[in-house]
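The following block contains the structure, expressed as structure tokens.
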Amino acid sequence: MIIAWILSIIAIVTTLVINLEHSTALQIRLLAIEQEAHTAFVAAEKQLDRCEAQLSNATLLAVPNEYDIGSACDITFVDTSATGELIRIRALGNAVAKKSRPSESNLATQTQLEIMVYRDKRDHTLRRLSWRVLWSATQSIKPQLT
């Protein structure tokens, strides 16, 4: 009876240690994923800032009509009035994941942000009206743009 009791305590402690190891491994992986997503988000935000700077310095723009994966920014006029223009800007940010094991592939985490800005026609000043995250994914999964 005592031997069965000791064996059950050993089994419970072993299960507890195994669950603790699994939980720790998952927390470490979750932290790595969060860091990759944060890096991709920051890269997309920096790209948006560059696009905004180009818009405020330019007088005439060659504006694409459709999103081009190879381009840094997707700039589209949404509405134009006598005093200003409502412009949509989309930018993509990448973060290359660090390989935790040699067997894992090194996929890039990508985040696409979209902002709406109002550009005054007189002095070309920009005012950011809104922003949103369109999608965030790995390079192997490309969602469709809306």
>> Has Ser23 got a side-chain atom pairing as donor or acceptor with Asn19's backbone, closer than 3.5 angstrom?
In response: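 Here the side-chain-to-backbone pair does not exist.
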> Ion pair present between Arg128 and Glu45, side-chain N to carboxylate O less than 4.0 angstrom?
Replying inline: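 Salt bridge flag = yes for Glu45 with Arg128.
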>> side-chain contact (heavy atoms from CB on, under 4.5 Å) for Val117 and Trp131? Distances and angles first, verdict last.
In response: CA-CA 9 Å; Val117 296; Trp131 72 272; over 6 Å; no
> How many angstroms lie between atom OH of Tyr118 and atom CG of Leu126, to the nearest 0.5 angstrom?
Replying inline: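 With rounding to 0.5 Å, OH (Tyr118) is 11.0 Å from CG (Leu126).
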> Is there a chain of hydrophobic side chains (I, L, V, M, F, W, Y, each step under 4.5 Å between heavy atoms) that links Phe77 to Leu86?
Replying inline: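 Shared cluster, no.
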> Which is it for Leu30 and Leu26 under the side-chain contact (heavy atoms from CB on, under 4.5 Å) test, yes or no, and what are the steps along the way?
Replying inline: CA-CA 6 Å; Leu30 177 64; Leu26 289 174; over 6 Å; no
> Nearest 0.5 Å, what's the CD-CG distance between Gln110 and Leu134?
Replying inline: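 One gets 13.0 Å once the value is rounded to the nearest 0.5 Å.
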>> Are Ile2 and Ile9 connected into the same hydrophobic cluster when the rule is that any two of I, L, V, M, F, W, Y join if their side-chain heavy atoms are below 4.5 Å apart?
In response: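 Shared cluster, yes.
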> Nearest 0.5 Å, what's the CD1-CG distance between Ile89 and Asp74?
Replying inline: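 So the CD1 of Ile89 and the CG of Asp74 are separated by 9.5 Å.
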> Yes or no on side-chain contact (heavy atoms from CB on, under 4.5 Å) for Leu16 and Leu20, after CA distance, side-chain angles and deciding distance?
Replying inline: CA-CA 6 Å; Leu16 178 66; Leu20 186 60; 5.6 Å; no
> Could you go step by step and tell me if Leu31 and Gln35 meet the side-chain contact (heavy atoms from CB on, under 4.5 Å) rule?
Replying inline: CA-CA 6 Å; Leu31 181 60; Gln35 288 174 340; 4.1 Å; yes
> Side chains of Val78 and Met116: does their closest heavy-atom pair fall under 4.5 Å?
Replying inline: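 Yes, at least one pair of side-chain atoms sits under 4.5 Å.
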>> Can you tell me how far apart CD (Glu52) and CD1 (Ile87) are? Round to the nearest 0.5 Å.
In response: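 Interatomic distance, Glu52 CD to Ile87 CD1, rounded to 0.5 Å: 10.0 Å.
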> How far apart are the closest heavy atoms of Phe41 and Leu113, and which atoms are they?
Replying inline: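 What the structure gives for the nearest pair is CE1-CD2, 3.5 Å.
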> If you measure from CZ on Arg88 to OG1 on Thr76, what distance do you get to the nearest 0.5 Å?
Replying inline: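 Rounded to the nearest 0.5 Å, the CZ-OG1 separation comes out at 4.0 Å.
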> Leu48 and Ile115: which non-hydrogen atoms are nearest, and at how many Å?
Replying inline: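 Scanning both residues completely, I find the closest heavy atoms to be CD1-CG2, 3.6 Å.
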>> For Ala91 versus Ala44, what's the shortest heavy-atom pair and its separation?
In response: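 Scanning both residues, the minimum pair turns out to be CB-O, 3.9 Å.
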> Under the 3.5 angstrom rule, does the side chain of Lys121 hit a backbone N or O of Ser81 as a donor-acceptor pair?
Replying inline: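 Side chain of Lys121 to backbone of Ser81, a donor-acceptor pair under 3.5 Å: yes, one is there.
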> Measuring from Arg132:CZ to Arg90:CZ, what's the distance to the nearest 0.5 Å?
Replying inline: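 Output value for this atom pair is 6.5 Å.
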